[in-house]
Amino acid sequence: MFQKVTTERTPSERLLLLTEFESHLDKMDSEKEEMNNADIAALHHFYSRHISDLPNTQALTELFAQINCNGFTIEDEELSHLGSAAFPDVALMNHSCSPNVIVTYKGTVAEVRAVKEINPGDEIFNSYIDLLYPTEDRKERLLDSYFFTCQCTECTTKSKDKAKMEIRKLSSPPDPEEIRSMVRYAKNVIEEFRRAKHYNTP
């Protein structure tokens, strides 16, 4: 819709235009098509009285598919879901199940922050999904949502699967000390994300 009122590139479109996003419409199954149509119907219901020149259904179908494949989930400091947004330049990053960056948000600005040492010439990798799942689950989710089969090092070596599966196989509740340990670990991870988000880049 923004593209209908301006021909100028947004700051995030310096390398890639929103209209150049992959939509993968040809790979969508009937369930995804129904979800897309429901989103379009909701858009018309809530905004048609305020916006007189909404794009036609075909254009909206492609736009929603593009956002579903390339959009980012906006989270607050507690990692709670707030909404979705499109950042074309950030969307250029490929996926890895062992990423070297995370994406954080400051208002309407996306910030890419390193979580590993990155040398000149290294490719920048972001994770598109929750990494707590075992390899086969991650690959299934990536194929379903992003239409590719991940071949990253973590997926080919499956180095962390055993530990993840052992946790899944627990037949009895963990003892209190294990719970405290997991809570401490989770708090430390969240705190690392917070520090990365608020770190002032020189």
Side-chain angles (χ1 to χ4, degrees), residues 1-4 9-10 12-48 51 53-75 79-105 108 110 112 122-161 164-165 168:
M1 286 177 286
F2 183 75
Q3 294 291 336
K4 291 176 72 70
R9 291 174 182 253
T10 66
S12 187
E13 292 181 297
R14 287 170 293 186
L15 299 176
L16 180 73
L17 287 170
L18 177 62
T19 53
E20 295 172 326
F21 276 169
E22 287 281 357
S23 65
H24 297 290
L25 280 173
D26 58 322
K27 300 174 184 174
M28 289 175 59
D29 56 25
S30 58
E31 182 179 354
K32 285 187 173 61
E33 287 178 0
E34 288 179 11
M35 292 174 62
N36 225 15
N37 291 334
D39 287 338
I40 292 171
L43 179 72
H44 277 283
H45 177 74
F46 289 107
Y47 292 104
S48 58
I51 303 174
D53 58 344
L54 279 172
N56 61 42
T57 299
Q58 179 56 39
L60 286 174
T61 298
E62 184 168 8
L63 176 62
F64 274 81
Q66 289 170 316
I67 298 302
N68 285 336
C69 290
N70 299 278
F72 290 82
T73 299
I74 306 297
E75 297 170 336
L79 304 183
S80 298
H81 178 79
L82 297 178
S84 299
F87 301 97
D89 52 356
V90 183
L92 286 169
M93 290 187 294
N94 284 323
H95 165 85
S96 172
C97 296
S98 182
N100 50 18
V101 301
I102 60 170
V103 180
T104 62
Y105 306 95
T108 58
V112 178
D122 288 351
E123 183 171 356
I124 306 298
F125 289 105
N126 181 35
S127 175
Y128 296 173
I129 58 168
D130 190 329
L131 298 176
L132 296 177
Y133 296 102
T135 300
E136 294 309 314
D137 284 1
R138 293 196 314 273
K139 294 179 81 166
E140 182 179 337
R141 288 166 185 270
L142 287 165
L143 185 60
D144 181 64
S145 298
Y146 299 99
F147 308 102
F148 72 90
T149 300
C150 187
Q151 299 291 340
C152 73
T153 302
E154 186 57 41
C155 282
T156 53
T157 63
K158 302 183 179 182
S159 62
K160 298 174 184 174
D161 276 11
K164 292 176 182 178
M165 294 307 294
R168 282 190 166 193

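- In this structure, CG on L25 lies 7.0 Å from OG1 on T61, to the nearest 0.5 angstrom.
- For residues 126-135, no pair satisfies salt bridge (charged side-chain N to carboxylate O under 4.0 Å, His left out), with sequence neighbours left out.
- Distance check, rounded to the nearest 0.5 Å: CE of M35 to CD of E31 gives 6.5 Å.
- Residues that satisfy the ring-ring contact (aromatic ring centres under 6.0 Å, His included) test with F147, not counting sequence neighbours, are H24.
- Listed here is the closest heavy atom pair of L60 and P55: CD1-O, 3.5 Å.
- The distance from the CD atom of E62 to the CG atom of N56 is 10.0 Å, given to the nearest 0.5 Å.
- Residues passing the side-chain contact (heavy atoms from CB on, under 4.5 Å) test with A86, sequence neighbours excluded: L18, F21, I67.
- Under a 3.5 Å cut-off, the side chain of E154 and the backbone N or O of K160 do form a donor-acceptor pair.
- Pairing each heavy atom of Q151 with each of T156, the nearest pair is O-CG2, 3.7 Å.
- Interatomic distance, F64 CZ to L43 CG, rounded to the nearest 0.5 Å: 5.0 Å.
- Interatomic distance, L17 CG to D89 CG, rounded to the nearest 0.5 Å: 11.5 Å.
- Of all non-hydrogen atoms in P134 and D161, the two that sit nearest each other are CA-OD1, 3.7 Å.
- Counting only distance, with no hydrogens or angles, the side chain of N70 and the backbone of E22 share a donor-acceptor pair below 3.5 Å.
- The minimum heavy-atom distance between L131 and P99, with the atom names listed, is CD1-CD, 3.6 Å.
- At a threshold of 4.5 Å between non-hydrogen side-chain atoms, the residues N68 and M28 do not count as touching.
- Counting only heavy atoms from C-beta outward, the side chains of N126 and F72 approach each other to under 4.5 Å.
- For S145, there are no side-chain contact (heavy atoms from CB on, under 4.5 Å) partners, not counting sequence neighbours.
- Among the candidates C97, C150, C155, S159, the single residue satisfying the side chain to side chain contact (heavy atoms under 4.5 Å, CB included) test with T135 is C155.
- Here the closest heavy-atom approach between residue I124 and residue M93 is recorded as CG2-SD, 3.4 Å.
- More than 12 non-hydrogen atoms from other residues, nucleotides or ligands lie less than 6.0 angstrom from CZ of F148.
- Contacts classified as side chain to side chain donor-acceptor pair (under 3.5 Å) and involving residues 32-46 (residues at least two apart or in different chains) are given here: K32-D144.
- Y128 meets the ring-ring contact (aromatic ring centres under 6.0 Å, His included) test with H95, Y146; sequence neighbours excluded.
- Atom OG1 of T73 is separated from atom CG of L82 by 10.0 Å, given to the nearest 0.5 angstrom.
- In this structure, N100 contributes its side chain and F125 its backbone to a donor-acceptor pair below 3.5 Å.
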